[in-house]
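Okay, so here's the structure we're looking at.
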Amino acid sequence: MNDDHVNSAVTYGLFAAWLLHDAEELAAGPRWIRENVPVLRKRFPGVPERIWRAMETVDEREFAVAVGVMGAIVASAAVSGRRSQGRSAFYQGALNGFGLHGLVHLAQAAAVRGYTPGSATSPLIVVPFTLWARGRLRRAGVLRPTRARDAAAGPALAAGATIVSHAIARSVTRGR
């Protein structure tokens with residue numbers, strides 16, 4: 001049965017789930033990076049040095065500003081989803097990117113054989129919320145068909161938003 005009403009838990013829930021997830025990243029991220037990049041650099045020598053250097057230069061302040069910028073992006077996607085009753089391509093792309101982002105966290109934790117920032121809330125919040133919200137959108141008849149390009153668009157949106165967030169944060173915190 002098609003229920004064309006998508007409630008706010010589905011749309012604004014994206015922001016709430018993101019907020020809980022990013023609270024973990026904010027609490028653990030910068031310290032974890034400082035403590036683990038030297039070990040990871042030796043363990044994964046194929047990663048370009050510029051990636052390690054970029055990671056090492058992110059301090060708590062820059063990280064916090066980047067999280068704030070990302071929050072504005074996710075909040076915008078949630079509002080777009082609410083206004084469109086879940087039909088918004090921006091909202092659905094952000095939702096898909098969020099869920100796939102959670103899977104990336106789990107893969108990172110598997111690759112390092114331990115905890116990485118974001119890996120605790122990914123199986124508890126990120127992935128379950130995404131699957132639940134997609135199910136609600138599907139039942140309402142508004143979930144866009146998932147094509148190969150759509151599967152790539154979610155992570156591309158998440159990656160682009162991350163790059164933009166850190167670029168803005170770096171500019172703000174370093175006075176550029």
Of Leu143, Asn7, Val142, Thr11, the residue whose pairing with Arg136 passes side chain to side chain contact (heavy atoms under 4.5 Å, CB included): Asn7
Sub-4.5 Å side-chain heavy-atom contact between Ser76 and Phe90: yes
Minimal non-hydrogen separation, Arg87 against Arg144, with atom names: O-NH2, 3.0 Å
Same cluster (ILVMFWY, side-chain, under 4.5 Å), Leu124 and Leu20: yes
Co-membership, hydrophobic cluster, residues Val58 and Met55, 4.5 Å side-chain: no
Verify same cluster id: Leu131, Leu103 (apolar side-chain graph, 4.5 Å): yes
Side chain proximity check, Leu26 to Asp22, heavy atoms < 4.5 angstrom: no
Gln108 side-chain N/O to Thr116 backbone N/O, donor-acceptor pair under 3.5 Å: no
Hydrophobic cluster membership, Val67 vs Leu14, 4.5 Å side-chain cutoff: yes
Closest contact, heavy atoms only, Tyr91 versus Leu137: CE2-CD1, 3.8 Å
Note, Thr57 side chain near Arg170 side chain (heavy atom, < 4.5 Å): yes
Under 3.5 Å: donor-acceptor pair, side chain of Glu24, backbone of Pro117: no
Closest heavy-atom pair and its distance - Ala109, Ser119: CB-CB, 3.7 Å
Backbone N/O of Ala169 and side chain of Thr173: donor-acceptor pair under 3.5 Å: yes
Non-neighbouring partners of His166 that pass side chain to side chain donor-acceptor pair (under 3.5 Å), sequence neighbours left out: none
Same apolar cluster (I L V M F W Y, side chains within < 4.5 Å links), Trp132/Ile125: no
Shortest non-hydrogen contact between Ser165 and Ile73, atoms and distance: OG-CD1, 4.0 Å
Arg83: partners by side-chain contact (heavy atoms from CB on, under 4.5 Å), with sequence neighbours left out: Val79
Side chain to side chain, Arg41 and Glu56, heavy atoms closer than 4.5 Å: yes
Results of ring pair (Phe, Tyr, Trp, His ring centres under 6.0 Å) for Phe15 - residues two or more places apart only: Trp18
Non-hydrogen side-chain atoms of Asn96 and Arg134 separated by less than 4.5 Å: yes
Side chain Arg43, main chain Val112, donor-acceptor under 3.5 Å: yes
Atom of Phe129, atom of Ala9 and distance for their closest heavy-atom approach: CE1-O, 3.7 Å
Parallel, tilted or perpendicular, as decided by the 30° and 60° cut-offs, for the rings of His101 and Phe98: parallel
Closest approach of Trp52 to Phe44 (non-hydrogen atoms, all atoms of both residues): CZ2-O, 3.8 Å
Test item: Glu62 side-chain N/O and Arg174 main-chain N/O as donor-acceptor pair under 3.5 Å: no
